[in-house]
Amino acid sequence: DVKVTQSSRYLVKRTGEKVFLECVQDMDHENMFWYRQDPGLGLRLIYFSYDVKMKEKGDIPEGYSVSREKKERFSLILESASTNQTSMYLCASSLQSDIQYFGAGTRLSVL
Amino acid sequence: ILNVEQSPQSLHVQEGDSTNFTCSFPSSNFYALHWYRWETAKSPEALFVMTLNGDEKKKGRISATLNTKEGYSYLYIKGSQPEDSATYLCAFTRTSGSRLTFGEGTQLTVNP
């Protein structure tokens with residue numbers, strides 16, 4: 001079974017802190033994705049990556065950056081957390097077939 | 001940004017009822033349409049991926065159809081059970097390996 005693991009289920013951070021959300025997949029997938037989910041807005045794509053050291057902006061990249069130094073790991077970085085970044089963050093990975101396998105999500109609260 | 005719309009936003013049914021919901025998407029340059037089920041406190045899981053006009057897929061009591069010419073897909077649940085309670089997401093992609101664009105989801109609650 002594909003496993004996508006997100007490092008934390010719940011996080012509470014202060015405004016202005018630098019926040020790292022980590023995601024690891026164990027199936028050698030090329031593609032990895034970061035989404036956020038907010039009530040009434042569905043899943044919105046923040047950033048994605050097709051290969052190591054490659055990254056592409058999604059629909060809402062502002063305030064975020066990403067890092068993919070190894071194929072299995074894709075990190076989402078909030079350089080200076082703000083209250084409007086309070087959300088559920090989901091990581092996913094896929095092969096070329098496009099089915100995405102999701103992690104359990106990280107619920108981030110920025111106070 | 002591609003527009004994927006799902007309706008209804010939420011649905012409450014009684015155990016044993018059959019139900020269906022809709023996903024509409026842009027019909028130009030279509031590649032694939034995905035359905036995912038997202039249960040509370042779990043990860044979204046893929047139900048179906050459909051690529052051809054007229055495709056029908058079935059998994060147990062759940063089935064889906066696809067019309068790429070008019071840009072819609074239906075998801076059907078026959079004889080709903082409380083364990084079917086979840087948010088059902090559809091997502092659209094234009095080319096293989098490219099990003100998915102998700103709809104807002106339909107939240108289904110099945111009352112025992």
Side-chain angles (χ1 to χ4, degrees), chain A residues 1-10 23-27 29-51 54-62 66 74 87-107, chain B residues 1-10 21-26 29-52 55 57 59 64 66 68 73 86-108:
Chain A
D1 280 352
V2 175
K3 192 159 185 185
V4 179
T5 303
Q6 294 184 230
S7 53
S8 306
R9 290 299 300 270
Y10 301 95
C23 176
V24 177
Q25 50 93 3
D26 64 358
M27 285 303 291
H29 285 172
E30 292 88 0
N31 306 326
M32 296 190 74
F33 307 83
W34 274 107
Y35 298 90
R36 62 179 281 178
Q37 194 265 338
D38 300 288
L41 294 176
L43 285 176
R44 293 183 294 164
L45 183 64
I46 305 172
Y47 266 98
F48 59 108
S49 168
Y50 287 141
D51 204 349
M54 294 187 67
K55 59 185 179 184
E56 299 278 347
K57 292 181 180 179
D59 297 323
I60 49 165
E62 296 79 19
V66 289
F74 192 36
S87 187
M88 167 71 89
Y89 290 88
L90 283 163
C91 174
S93 72
S94 75
L95 283 171
Q96 295 306 313
S97 65
D98 297 343
I99 293 174
Q100 292 191 12
Y101 297 87
F102 286 84
T106 298
R107 189 167 292 283
Chain B
I1 297 176
L2 303 173
N3 214 20
V4 179
E5 296 182 357
Q6 292 187 246
S7 63
Q9 224 172 358
S10 66
F21 16 96
T22 306
C23 172
S24 63
F25 53 88
N29 300 318
F30 173 86
Y31 180 77
L33 191 282
H34 297 222
W35 281 100
Y36 290 81
R37 175 169 61 198
W38 191 4
E39 297 177 67
T40 303
K42 294 186 178 179
S43 312
E45 289 185 341
L47 285 171
F48 305 113
V49 179
M50 295 181 288
T51 56
L52 297 176
D55 257 356
K57 295 274 178 97
K59 185 185 285 190
L66 178 67
T68 61
S73 174
T87 297
Y88 290 83
L89 297 165
C90 75
F92 162 86
T93 182
R94 273 187 167 161
T95 54
S96 174
S98 72
R99 48 183 287 180
L100 291 175
T101 299
F102 282 85
E104 293 177 18
T106 293
Q107 187 172 8
L108 174 68

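In what follows, chains are A, B, ... by sequence order, proteins preceding strands, each numbered from 1.
Both the backbone and the side chain of B:L100 come within contact range of chain A, each with at least one heavy atom under 4.5 Å from a heavy atom of that chain. With a 4.5 angstrom heavy-atom cutoff, A:R9 touches chain B only via side-chain atoms.
For the atom pair A:L43 CG and B:E104 CD, the distance stands at 11.0 Å (nearest 0.5 Å). Rounding to the nearest 0.5 Å gives a distance of 8.5 Å between NE2 of B:H34 and OG of A:S94. The CZ atom of B:R99 sits 12.5 Å away from the OH atom of A:Y47 when rounded to the nearest 0.5 Å.
More than 12 heavy-atom neighbours from other residues, nucleotides or ligands sit within 6.0 angstrom of CD on B:E39. Other residues, nucleotides and ligands contribute only 12 or fewer heavy atoms inside 6.0 Å of the CZ atom of A:R107. Under a cut-off of 6.0 angstrom, the local environment of CD in B:Q107 is sparse, with at most 12 non-hydrogen atoms contributed by other residues, nucleotides or ligands.
Interface check for chain A: of the options B:A41, B:A46, B:P44, the most heavy-atom pairs under 4.5 Å are formed by B:P44. For the options A:G105, A:G103, A:A92, heavy-atom pairs under 4.5 Å to chain B are most numerous at A:G103.
Side-chain N or O atoms of B:Y36 include one that pairs as donor or acceptor with a backbone N or O of A:Q100 at under 3.5 Å.
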Can you check side-chain contact (heavy atoms from CB on, under 4.5 Å) on A:Q37 and B:W38, steps first, answer last?
CA-CA 12 Å; A:Q37 194 265 338; B:W38 191 4; 3.6 Å; yes
